[in-house]
Structure formats: C-alpha cells, structure tokens
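The model shown is predicted, which means the values in this text are computed figures rather than measured ones.
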Amino acid sequence: MADAMDLPSGVTVNTRGDRPKDKRGRAAGGNEFTADGPSNTLTGRARSWKLRSRQGWKLPSGDVERYERALSEPAFTITGTANRCKWVGDGVEERNLTLAEAVMLQSFPADHPFHGTRTKQFEQVGNAVPPLLAEHVVSVPTGIPVRSTLEAAA
C-alpha cells in the first residue's frame, strides 16, 4: 500500500485517522496497520469518513457549506484545488487529500509522471480529462471497445 500511496516505509495507518494515543501507544478507536503491506479493504461501512471539498456555497447566515462525499459514494470532481480537500472522520478534519489519492480518483496510473511543485501537480491532475472518461468518450465515435476498469487500472 505504501508504494501505491507514495508513503514512506514504516508508516502506520489508523482506519479512523490520527487519534490520541493511550499509555501503551495505541490509538483510541479504529484499527492500526502498517502501510508496508497490502491495504485493508474500505467499504461503505467505513464509519463516517468523508472527503470534504474546499469548494462550497455561502448560506444566508454567511456560513459556507462544503461539498462532502462518503466513502460509499462516487467522488466529486477533482479540480486543480484538490490539494485543499480534506478527509473527515467523525466530523473532524483529519488530513489533506494526497496527490496519490487525487491521481487514483481521476483514474490515472499511480506512477503517471506529473511535474512541478506539489500545487502544480494537483493542478495538472485537476485540469486533465480523466483517462477512463476519455476512453469512454473516444469509444463512441470510433467504435474502439472500452477496456474493463480492472484492465485500465493495471
């Protein structure tokens, strides 16, 4: 999992995000596992984790409502400002969306060579047509069959 997510070796992941540790160094709630091995499967039952966009709309009260999607829902459109998106667990903003996550949500191969600063790389991901979308659009007028999602992701 660490390779796919571009994480350094030895990182420990908690399924409920960063939580305070008890006296024995264990996080309160969630399951911890090393990112060096295969990933645990996340399903629609993965508690209350959501992806929160920094884009939103202003309410009459002056507050701003942000777009949120649960893990069980399709992701919202990844834009050039995806570097400001947050993973939210139990209503608490836990961490930013990583470049590797944005790349995968847009259906690019994990090793696609984006260039420039981190911000410029997010802009490239957000400004590009997702490869799987392009494949479907091109298949209509050309008659070229669409590969299965599993083949495209490999």
Side-chain angles (χ1 to χ4, degrees), residues 1-19 30 32-59 63-154:
M1 181 175 108
D3 288 342
M5 300 297 294
D6 198 27
L7 296 172
S9 180
V11 169
T12 300
V13 177
N14 186 293
T15 57
R16 294 192 64 201
D18 293 329
R19 300 281 184 207
E32 288 192 332
F33 59 94
T34 177
D36 294 330
S39 170
N40 288 352
T41 302
L42 292 177
T43 67
R45 296 179 181 259
R47 296 285 182 148
S48 59
W49 277 86
K50 295 180 179 182
L51 184 59
R52 178 179 292 162
S53 171
R54 295 308 296 170
Q55 298 174 339
W57 60 95
K58 195 171 265 190
L59 300 172
D63 293 336
V64 176
E65 186 73 25
R66 303 283 181 206
Y67 296 106
E68 287 187 351
R69 293 285 175 94
L71 290 177
S72 59
E73 299 175 306
F76 47 76
T77 301
I78 298 296
T79 68
T81 60
N83 60 323
R84 295 188 300 228
C85 293
K86 302 275 187 186
W87 284 109
V88 179
D90 296 328
V92 177
E93 289 188 351
E94 301 287 352
R95 64 176 179 81
N96 288 350
L97 180 72
T98 67
L99 180 63
E101 291 166 338
V103 165
M104 287 185 277
L105 285 172
Q106 286 294 83
S107 76
F108 281 96
D111 61 351
H112 188 82
F114 293 100
H115 299 284
T117 65
R118 182 176 172 275
T119 300
K120 290 296 181 188
Q121 290 178 35
F122 268 103
E123 287 177 8
Q124 291 168 41
V125 172
N127 290 337
V129 175
L132 286 177
L133 174 62
E135 189 173 351
H136 283 270
V137 170
V138 167
S139 73
V140 174
T142 65
I144 298 171
V146 175
R147 297 174 293 162
S148 77
T149 304
L150 293 177
E151 288 173 12

Taken to the nearest 0.5 Å, the spacing of Glu101 CD from Asn96 CG works out to 10.0 Å
Tightest non-hydrogen contact, residues Pro130 and Gln106, listed as CB-O, 3.1 Å
* Asked: Strictly by modelled atom types, are Thr117 and Thr119 linked by a side-chain donor-acceptor pair under 3.5 Å?
  -> no
Applied to residues 121-131, the salt bridge (Lys or Arg N to Asp or Glu O under 4.0 Å) test, sequence neighbours excluded, yields Lys120-Glu123
Starting from the C-alpha separation in whole Å, work towards a yes-or-no answer on side chain to side chain contact (heavy atoms under 4.5 Å, CB included) for Leu97 and Lys86.
-> CA-CA 5 Å; Leu97 180 72; Lys86 302 275 187 186; over 6 Å; no
Closest non-hydrogen atoms of Ala102 and Val125, given as atom of the first, atom of the second and distance, are O-CG1, 3.8 Å
Of all heavy-atom pairs linking Val146 and Ser139, the shortest is CG2-OG, 3.3 Å
pair Leu99-Phe122: side-chain heavy atoms closer than 4.5 Å: yes
Contacts of Gln121 meeting side-chain hydrogen bond (donor to acceptor under 3.5 Å, both in side chains) (sequence neighbours excluded), chain-then-number -> none
Closest non-hydrogen atoms of Phe108 and Val129, given as atom of the first, atom of the second and distance, are CZ-O, 4.1 Å
